Structures are given as C-alpha cells and as structure tokens.
Amino acid sequence: MKKFINTMIVTAAIVIGSTGADARNGVEIEHLGTNNTLVRVTADGGKYLILPVQESNDEATVNIIVDGKLDRTISVCLAKSKVDYTVPLNLEKYAGKNVVLNITTTQSRSSVREAKDDACWNNILVSDTFDTSNREKFRPAYHHTPLYGWMNDPNGMFYKDGVWHLAFQWNPYGSRWQNLSWGQSTSRDLIHWETQPDAIIQPDGLGMIFSGSSAIDKTNSAGFGEDAVVAMYTSAAASQIQSLAWSNDGGYTYNVYAGNPVLTLESEARDPNMFWNLDTKEWILILAHALDHEMLIFTSPDMKKWTLQSSFGKGLGAQDGVWECPDLFELAVDGTDEKKWVLLCNLNPGGIFGGSATQYFIGDFDGKTFTPDLDRNGRVPTKWLDYGKDHYATVSFSDAPDSRRTVIGWMSNWQYAPEVPTMQYRSANTLPREMGIFRDSDGQLYVSSKPSPEIDAIRDRIFKSVSNVNVGKNERKYAIPEICEILMTIDPAKSDSVNISLSNDAGEHVDMTYNVEAGRLSFDRRESGIVDFSQDFPAVTATPTHSADGKINLRIFIDRSSIEVFEADGRFVMTNLVFPNTPYSSLSLSAYGGKAKISNLKIYTINVQ
Ligand code: FRU
C-alpha cells in the first residue's frame, strides 16, 4: 500500500497575538465562549491542518470558512484530555485564501478557561506532511484497508483500462461513522491497493455521500462524454435521494451533476446500483427501499430520468432490519449454458448470525421484473452468501473483464464495527471473490464464492506440506506463520467430527469443527483473543458444506485479524474477524468418533511486497 507521506514536520513558531489570541503551530486560536472557538490558519501554503482526535469525546461541529464563505461542515471528536490520533484537513485547495474554522462543541463547561485547556488547542497544527505509516498490529497485510479513518461499504466499483477501482464509504476525519464521502483505492492485481489521499466525492449541499455504484457510459447516453465513468450514490441528509457524479479521467476525479438529485421518493431508499442491460439497451437501476424490505427496479435511457418498473422482495427471505446495498447480475450455471440472475440483498440487522449479512435470491430477470426461483415446496428459499459474521455490503465490480463477476464485501458487522480494537483506521474489505452458480445434490441452485484468481499470487513458499495423515483424538500440531494460506483436504473416513484449531501462546484459540453427519463446519471465536469490546463479538458461526461424499477441501486465509474459510470450489465461505493478543502460531488437528484422514495439508507463507 502506498503511503502518501511518511513523516510529520512541525512548522511555525510560537507567537502570542496582540488581540489575546493564541498563535502557534501555524494557527491562531480565539476562544469566543465556553463552546465556541475560532481557529485561523496563519501558516502560508501549509498542506494540512492536523486535527487532534479523542475518540470518546463528543463531536465538535467544524465550519470551514474560506474567504468569508462557508465551504463545508465536518464533525470531529476534537481531543479534550488526550490525543488518540490525528486526522488531516487538506488545505491545498484553499491555497492563497483565508481559512477560518468556526468550531462549536457541546461539552458542558463552567468557564472559557476550562475550554482553553482542551488537548486539541495545544496540538492542532499546520504541517506539510501527514504520517500514514501503520501503527496498528491488527491491520491486515493483504486485505484492503483505508490509510486512516473509518470505512464501511465498498462503493462504485468498476474495472477500466487494466485498473480495478474500489471506492468506499469513508470518514477521513475520524475512525467512526461520520462525514461519509467516497474514498478510493485502485489496483492492477486486486492485491496491492493505492489509496487516493482525498475523497473523490465529498458531502455537499444535498448531504453526505452514501453508498452507490459506478458504470461506464460507453454510448454517452448521459451526455457526460463517451466512456465517462458515472457514479450514482445516495445523498443523505434529512431524506435519502439519488445523485450522479461523473469522471472524464477514467475514474480518478469526479464532477457532481448540477441537476441532482435525479431520483426522489417519499420514503427511505438508498444504495443505487445501475447497469447497462445489453438486451433492452437501457439502464437498469436497483434501489433498496430500505424500511419496506424490498428492492425497487427502475429503467432509464440516460441515467437521469428513471421509470419505476417493479419491486421485489416484500415478505421474502430474511425480513428483519433494513434492506440495503443491492446488486443484480447474470451468471451461467456451472457446467451448463443455462443463465440465471442473482439478486444480492444486504440486510441489517437480521443476518443469519445476528447483525448484518448478505442474502441472495436466484431467478430470472426480463429487463423489468425479477422473478425468484422456488424450492420444491413452492417457497422462495432464504440463502446466505457467506456464513461468517463479518461480511457485509457485498457488491460487484461493473465492467469486469472476461464476463467475470467479482465482488468485495465490507469485513465487519454493524453490531460492533465502531468498537473493534483498532484506532488509526477501522475496517478492512474481504478478499475479492468470484461469483458462480452451482447445482447442489438437493436440486437447488446456489451461488459460489471463490477467491479471485489474482489472489494465488500472494503465496510465497510452502512452509509445511504433509499428505495422508491419520488423525484421532490426540492432536497433531503444526507451526503456522502469522499471515498465511492453509490448504487442506479432509476425508472424515470413520470419524464423526474433525477439529481444526488455531492457537497462540497466550492460550487464545479459534476452533473449527466439521460435523460430518450434519454436513456443517462451525467456527468458534469465543476464546479467540480480544472479544470483550462487544457482547455480540464472541460467537459461533456455522456453514453447510455441500459435500456429496463427506470430503471437504478448504482454503483458509489468515491475515492478522481476519480468517476467511473457503471451500476450494467456492461452495461455501465463512468470514470472521479475530483479535488475538499475539498471532496464532499453531494449527492443531484432531478427530472424534474414529480416525479421519488429512489427505493433503499445505501451509503457505504470504508475500505481498
Ligand atoms: C450499509 C449502509 C448503506 C448506506 C451506508 C451509509 O452499510 O447503511 O445502506 O448507504 O451504509 O454509510
């Protein structure tokens, strides 16, 4: 991951202003009352105003005033008693102008004197650099994370000219949900991500920038230019309305459409996902009618005028919580010419293991209406894309090459995402995954998720390889590297259950148990390390294994604070976060009720240099 700056240089001398204002570090501070302070930027040409944050503190409202006009307002937990970390406000675009921050806090104070003692006033400064080097032991090595600040859903993902663009819900001014804009990282190999230092779409008069999608307008239907990348997102303020922005430089900088919003409803709707329908030659938009637990389907010739065609989902699938972040795409059924449509429907709460999760429906789409397949009881089955707790807001890249349907999810859960034990940044994405459809022995179609083929390149060397090992009650133990991929073929043979345990010297462990008769693989993280930041974190998740003969092939990816367990053909995946105090260093295998055979075990080190 490219660091855009590595060291922090403190400039400017301490000067006491004649007006009683306190001037230092390139700013002049004037306290106007117990809850109101002006910060004038005095250093000429500094790149960043470094804002000190204390996460537990109330949010201050920071009005950024440029040459006397309100440019925008951000909310920041400015530090009171201690500085947890700092965030940068980019001043470059204000070069040569007068910048004043009018800051209002909500804390109760008895005097201005008390307000003056706040840690933020001594630590706020103008600097030419901002340090993004990693200071977190849980930051993954080969999963995408923001350089700093809060991240939730992946947004507006597309592929163009050899580059994968991954935008994301981003708060650049703190590691909790607030100030939502679209950050963006790009990659040529889905492994190494380069993050743009500034948000590509910033909150504006219509509100914060919530989730949405991007598509390439090959026919210039919207009039933004041939091959313009057009982003559609939810502008969220008192209401949620849908807006457009476009890029003529391949998706690095965006112009906000002056005619926004392009779609309004009388009720909460968000996360527009649009694509060009090759059959009907028009744009299709699928929009989450969040509180109504349904997805709305619209069509348009130009992305600006939308006509409602149908709705899908009332009373179907998991209905708790709100429906969010839809996606709709066509896939071939493995090994056949049959084509089916998949509708991804993220919901929160109400996920299979509590909190947020991604369910999906398989069916047909005629350009206007999605019709779900029924199971043999004539019902619409509820199906889950991932059987872990930490997989949400999954959507696909548009315009991916070779008819690929590549998705990325947010690797967290709304139940505890703001509480996880990291600070400099919060949240990572799942590994990119390829979607497919397979028919199982029960006659039904299911969506498969395999790690994208690019991910094979992170394998470095074989750390351990064994084959045809019988395991019983006595554990067989193997050392594992801190970050690794483990490949394993389990033949349960005469056993009832097979246990795969990851542990460290601190006695913390994750236990995966394959229950042969039930055909289920469970994942127990109740004693996996730091679990007490939320009562919802210590949990057991379990997945059906879809194995016809009882044997299962696993690919397990460990990356400091995440474990993704894939069936090698993608027939299931289970994604869970873990926060071990020291890295897991052992893999133990055992079997109960008889001996099992580990036909194959390979442990790979990972190299992402
Ligand atoms: C899903 C979600 C979306 C919304 C975004 C706001 O996680 O709630 O529905 O657009 O997050 O950050």
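Just follow the structure's listing: the first ligand is 1, and inside any ligand the first atom is 1. All values derive from a computational prediction rather than experimental measurement.
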**Q** Need the ligand 1 atom indices (1-based, order shown) with element for anything under 4.0 Å from a heavy-atom of S211.
**A** 5 (C), 10 (O)
**Q** May I ask you to identify the nearest protein heavy atom to atom 2 (C) of ligand 1, giving residue, atom name and distance to one decimal place in Å?
**A** D153 OD2, 3.3 Å
**Q** Using a plain distance cutoff, I'd like to know if N152 has any nitrogen or oxygen under 3.5 Å from a nitrogen or oxygen of ligand 1.
**A** yes
**Q** Measure the distance from atom 12 (O) of ligand 1 to every protein heavy atom, then report the residue, atom name and distance (to 0.1 Å) of the closest one.
**A** Q169 OE1, 2.6 Å
**Q** Answer with yes or no whether the side chains of S562 and D559 bring together a donor and an acceptor at under 3.5 Å.
**A** no
**Q** Of all the non-hydrogen atoms in the protein, which one sits nearest to atom 10 (O) of ligand 1, and at what distance?
**A** D271 OD1, 2.6 Å
**Q** Heavy-atom distances under 4.0 Å decide this one: backbone, side chain, both or neither, for A393 against ligand 1?
**A** neither
**Q** Counting N and O atoms only, with roles assigned by atom type, does the side chain of E567 sit under 3.5 Å from a partner on the main chain of K450, one being a donor and the other an acceptor?
**A** no
**Q** Side chain, backbone, both or neither: which part of W177 comes within less than 4.0 Å of ligand 1 when only heavy atoms are counted?
**A** side chain
**Q** Check V322 against ligand 1 and report side chain, backbone, both or neither, counting heavy atoms closer than 4.0 Å.
**A** neither
**Q** Check the angle between the aromatic planes of F168 and H144 and answer parallel, tilted or perpendicular using the 30° and 60° thresholds.
**A** tilted
**Q** Side chains of N273 and L328, heavy atoms from C-beta outward: is any pair under 4.5 Å?
**A** no
**Q** With heavy atoms of Y392 as the reference, note each atom of ligand 1 found under 4.0 Å away.
**A** 1 (C), 7 (O)
**Q** Find out whether F298 and I284 are in side-chain contact, i.e. whether some heavy atom of one side chain is under 4.5 Å from a heavy atom of the other.
**A** no
**Q** For the pair D524 and R526, find out whether any cationic side-chain nitrogen is under 4.0 Å from an anionic carboxylate oxygen.
**A** yes
**Q** Under a 3.5 Å threshold, yes or no: a donor from one side chain and an acceptor from the other, between N248 and W246?
**A** yes
**Q** Just to confirm my output: which protein heavy-atom neighbour is closest to atom 8 (O) of ligand 1, and how far is it?
**A** E324 OE2, 2.8 Å
